[in-house]
Amino acid sequence: MELPPQYNAKEVEDKIYQLWEKSGFFNPDNLPARHKKPFTIIMPPANANGNLHAGHALVMTIEDIMTRYKRMNGFKALWLPGLDHAGFETQVVYEKKLEKEGKSRFQIPPEQLYKEIMDFTLANKTNIESQTRKMGASCDWSREKFTLDADIVKTVYNTFEKLYKDGLIYRGKKIINWCPKHQTSLSDLETNDTEKVDKFYYLKYGPFTIATSRPETKFGDKYVVMHPKDKRYKDYKDGQKIELEWINGPITATIVKDDVIDMEFGTGVMTITPWHDAVDFGIAERHNLEKEQIIDFYGKLLPIAGEFAGMKITEARQLIIDKLQSKGLVEKVEENYKHIVKTCYKCNASIEPQIKEQWFLKMKPLAEPAIKAIEKNQIKFMPEHYKKISLHWLKNIIDWNISRQIVWGIPIPAKTCEKCGEIYVDINNKINVCKKCGGSLKKDPDTFDTWFSSGQWPYATLGFPKSKDFKTFYPTDVMETAGEIIFFWVARMIMFGLYNTKKIPFKNVYLHGLVLDAKGQKMSKSKGNVINPLDLTDKYGTDALRIGLVVGNTPGTSLALDENKIKGYRNFATKVWNASRFVLMNLEGYKENSKVSLDAKDKKTLKDFQKEVKEITKEMDSFRFYTAAEKIYHYFWHTFCDKIIEEQKTKLYGTDAKEKAKAQYLLMTILVESLKLLHPFMPFITEEIYQQLPIKGKKQCIMIEDWPA
RNA sequence: GGGCGCUUAGCUCAGUUGGUAGAGCAUCUCAUUUACACUGAGAGGGUCAUAGGUUCGAGUCCUAUAGCGCCCACCA
């Protein structure tokens, strides 16, 4: 029995993956009888809008390691793959593509745009699936789900209806984050805080001086707010009216006292623009003040701005100041005023707060059970400090705007009466006439925030509420994903899971960090430092990339992906290949079952190995794959190869048949068991060698072998 | 403003309940065709950010300080 002198990763990998797929063992239903207790990981659905990146490669590797390990340990292991339509994310990618072609999404009728993005997504879906296979993922393709599958959409709709009936969903006319470029509202998580340097204007507002960086919003300001305890303004009473000269003529302003005002800041007095500022909106709500829109949804001034109407706010700003100046209303202008502006996390355009009717989800009642479950440690976080981070966020949670003004996504199943405004949630599309006034109904034009559907992923994919899979595999065992999306996704899955199924969706949360470039910098197209994981698998083999991604990669910490490191593990793969080749080359006369009486030294070697196995198993059970991988690596290379094989050479090359048999027994035992230990990390090469092993009682593949004990 | 981390060898990072500092890469010396040069044998290199404290004993626990980073937040 001989292995070829060189390991050819490219040839072997495709062949071996096919062998696995044909075996059917990715599907837990096909596993041998010993696999009884379920073990479940739901794969984070990849955004079907591009290629697999280094982060995906890490997800695939860690989750495959867990799945293979549990499968070898006799679990009925299910790793369920999926893809996400990724609503806004995908639409943005597609819009960029359109832009390059000189087109805009606003020129394309919605139905056609939806179809185009669907085609684009489906093409990417196929692409991502084949790249996932390339990574060696032992996931059950027969159970693959897509967030737009009919059954998933049905689950999402049922949840929406249930939430609505429970009074947790409401249609609210609140201030929202509006991206003027993308023409949609965004959740608070979808905005960034960016520091900007602007001019800061001190304007005379009657007897007061107010400061602002945004004079263009000030046309409708007719409330002037100060702190109730501010002695400087004690002569002004709440509700008092004053007459003053403003941008476009005389106005009447009303004094408002509110303790949100910081007496230390500026003059301690400000005017408010409730339609375009969240703080001001809050004040207006508390005091029941009028709100008026100044800027339209495209960022242009409305007729209230008088002569400035129709102008873009950026163009109007200086002109407005000029006018105020000519009226003697500008007290001073501070240059280089640094302040924080909310921006769209995709295009960096300044968010224009707007009041708009949207669908909101009340979060506090959903967060409470999640907080309890986490505090009771029903969900274990790795690394642990994510427990605190999650709790902090959940305890300070605010209502979630779940509607988006984009076509790509799951349509919100609601209708509004065009006559009386009555709202109907109609998940089966059966209500056609307003029950109240008989008026005709208009379908809601919006789609769900993509996280509203992916937040339901663990139970939706398993066929909640009635399927056998749901009963068998839920709650799932591990949720492994990027720490970055703890709030976007993980926290919401916990809330939805508890709300709908009354159970936690997963017992363990394993959060990996970012994959950075070799210098520890974030990969980005503009920097040109993006490492394509598939290039690395191509160059060094998938096994080398996998173990290279895992060794030393503690959860929560970002990882510098250095090609040299992968190269090092390619060398290790070669080492594994050559050591196996050597052992197999020296099996002359070897009889597997013949009795050998080992020397005391050999017995100690085996005992040491057993000790190693125990330690590695302990690391695996504690989710410390980074140390487990390192230990196996170290043992195989520096103990098995450098010491044990070297020591046995004299026996192997000698003439004493008994001694030779002892050596063969020892080497084969440790080799076979080591290959099993290595299998979760380096599945391809270990499987290829296993297939060539001349041993009896061999299973169909190493993938379903017993983990060494 | 609040919260959460990090600081250990030249670099990237481990270090599980406190018990004489570890790995990979890099560097240096030696071996020269050995299953494997994608190799082997060996070496150098750290007052574990700083200052206190608890302890028989602290990289590890506590307090403070400094530097770095991340997240959340309604200072016009």
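Chain letters run A, B, ... following the sequence lines, proteins first and then strands; every chain starts at 1. The basis for the numbers below is simple: all heavy atoms, side chains too, and nothing from hydrogens, waters or symmetry mates.
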Which one, B/rA35, B/rA76, B/rC4, comes nearest to the side chain of A/Lys218?
B/rA76
Round to the nearest Å and state the distance from A/His638 atom NE2 to B/rG22 atom P.
16 Å
For B/rC28, what is the paired nucleotide under Watson-Crick or G-U wobble rules, both distances under 3.5 Å?
B/rG42
If you look at every strand shown and take non-hydrogen atoms under 4.0 Å, does A/Glu646 touch a base, only sugar-phosphate, or nothing?
base
What's A/Tyr626 touching, base or sugar-phosphate or nothing? Going by heavy atoms closer than 4.0 Å.
sugar-phosphate
Does any donor atom in the side chain of A/Asn377 or A/Lys387 lie under 3.5 Å from an acceptor atom in the other side chain?
yes
A/Phe265 has a side chain; which of B/rC4, B/rC75, B/rC36 sits nearest to it?
B/rC75
Please give, in whole Å, the distance from B/rC71 C1' to A/Leu514 CG?
13 Å
If you look at every strand shown and take non-hydrogen atoms under 4.0 Å, does A/Asp262 touch a base, only sugar-phosphate, or nothing?
base
Side-chain H-bond candidate by donor/acceptor type, A/His227 with A/Asp258, under 3.5 Å
no
Using 4.0 Å as the upper bound for N to carboxylate O, is an ion pair formed by A/Lys196 and A/Asp198?
no
Taking any heavy-atom pair under 4.0 Å as a contact, classify A/Val260: base, sugar-phosphate, or nothing.
base
In whole Å, what separates the C1' atom of B/rG22 from that of B/rC48?
12 Å
Pick base, sugar-phosphate or nothing for A/Gly268, based on heavy-atom distances below 4.0 Å to the nucleic acid.
base
Counting only side-chain heavy atoms from C-beta out, which of B/rC71, B/rC13, B/rG24 sits nearest to A/Thr554?
B/rC13
Proximal nucleotide (of B/rC38, B/rA14, B/rC36) relative to the A/Arg581 side chain
B/rC36
May I ask which nucleotide in the shown strands pairs with B/rG19, Watson-Crick or G-U wobble, both distances under 3.5 Å?
B/rC56
Rounding to a whole Å, what distance do you find between A/Leu561:CG and B/rG24:C1'?
14 Å
May I ask you to say what A/Thr271 touches in the nucleic acid, namely base, sugar-phosphate or nothing, with a heavy-atom cut-off under 4.0 Å?
nothing
Taking 4.0 Å as the cut-off, does a side-chain nitrogen or oxygen of A/Tyr7 come that near to OP1 or OP2 on B/rC38?
no
NA contact type, A/Ile261, heavy-atom cut-off 4.0 Å: base, sugar-phosphate, or nothing?
base
Hey, does the side-chain of A/Lys565 have a donor or acceptor N/O within less than 3.5 Å of a partner on the base of B/rC25?
no
Please work out if A/Thr627 contacts a base, only the sugar-phosphate, or nothing of the nucleic acid, heavy-atom cut-off 4.0 Å.
sugar-phosphate
If you check the A/Thr557 side chain, which of B/rU16, B/rA35, B/rA14 turns out closest?
B/rA14
Side chain of A/Tyr337 only, heavy atoms from C-beta on: which candidate in B/rA35, B/rC38, B/rA76 is closest?
B/rA76
Using a 4.0 Å heavy-atom cut-off, does A/Tyr653 contact any base of the nucleic acid, only the sugar-phosphate backbone, or nothing at all?
sugar-phosphate
Are more than 12 heavy atoms from other residues, nucleotides or ligands located less than 6.0 Å from atom CZ of A/Phe609?
yes
Where the side chain of A/Tyr633 is defined as all heavy atoms beyond and including C-beta, which of B/rC36, B/rC74, B/rC25 is the nearest nucleotide?
B/rC25
Scanning all shown strands, the Watson-Crick or wobble mate of B/rC4 with both distances under 3.5 Å is B/rG69
Less than 4.0 angstrom between a side-chain N/O of A/Thr574 and OP1 or OP2 of B/rU39, yes or no?
no
Whole-Å gap separating P (B/rC36) and CG (A/Leu671)
17 Å
Take atom P in B/rA14 and the same atom in B/rA35, then report the distance between them in whole Å.
39 Å
Select base, sugar-phosphate, or nothing to describe what A/Gly282 touches, counting heavy atoms under 4.0 Å on all strands.
nothing
Nearest listed nucleotide, side chain of A/Met270, among B/rG40, B/rG5, B/rA76
B/rA76
Tell me the partner of B/rA64, counting only Watson-Crick (N1-N3 plus N6-O4 or O6-N4) or G-U wobble (N1-O2 and O6-N3) with both under 3.5 Å; none if nothing fits.
B/rU50
Between B/rU60 and B/rU50 - P atom distance, rounded Å
11 Å
Would you classify A/Ser622 as touching base, sugar-phosphate or nothing, given that sugar-phosphate means primed atoms plus P, OP1 and OP2, and contacts are heavy atoms under 4.0 Å?
nothing
Please give, in whole Å, the distance from B/rC70 C1' to A/His392 NE2?
14 Å
Among B/rU16, B/rC72, B/rG24, the one nearest any side-chain atom of A/Phe487 is B/rC72
In whole angstrom, give the distance that lies between atom CD1 of A/Ile340 and atom P of B/rC75.
9 Å
B/rG2 OP1/OP2 closer than 4.0 Å to side-chain N/O of A/Lys388
no
Could you check which of B/rC71, B/rG40, B/rG2 has an atom nearest any side-chain atom of A/Trp637?
B/rG40
Taking atom types as modelled, find out whether A/Thr209 and A/Thr267 have a side-chain donor-acceptor pair closer than 3.5 angstrom.
no
Going by atom types only, do A/Asn401 and A/Ser187 share a side-chain donor-acceptor pair under 3.5 Å?
no
Give me the atom names and distance for the closest heavy-atom approach of A/Ile645 to A/Cys641.
CB-O, 3.6 Å
Write down the distance between CD1 (A/Ile644) and P (B/rA35), rounded to a whole number of angstrom.
17 Å
Should the pair A/Glu615-A/Lys631 be classified as a salt bridge under the 4.0 Å nitrogen-to-oxygen rule?
yes
In whole angstrom, give me the gap between the C1' atoms of B/rU34 and B/rU39.
9 Å
Could you state the atom-to-atom distance from CG of A/Asp188 to P of B/rC74 in whole Å?
7 Å
What does A/Asp193 touch in the nucleic acid at a heavy-atom separation under 4.0 angstrom: a base, only the sugar-phosphate, or nothing?
base
Answer with base, sugar-phosphate or nothing: what part of the nucleic acid does A/Arg624 contact at a heavy-atom distance below 4.0 Å?
base
Between A/Lys649 and B/rA35, is there a contact of a side-chain N or O with OP1 or OP2 at under 4.0 Å?
yes
For B/rC75, give the paired nucleotide (Watson-Crick: N1-N3 plus N6-O4 or O6-N4; G-U: N1-O2 and O6-N3; both under 3.5 Å), or none.
none
So, A/Lys218 and A/Thr271: side-chain donor and acceptor under 3.5 Å apart, yes or no?
yes
B/rC61 versus B/rU12 - spacing of their P atoms, nearest Å
23 Å
So what does A/Lys618 touch, heavy atoms closer than 4.0 Å: a base, only the sugar-phosphate, or nothing?
nothing
Ion pair A/Glu619/A/Lys614, N-O distance below 4.0 Å
no
Let's test this: given Watson-Crick or G-U wobble pairing with both distances under 3.5 Å, identify the partner of B/rU34.
none
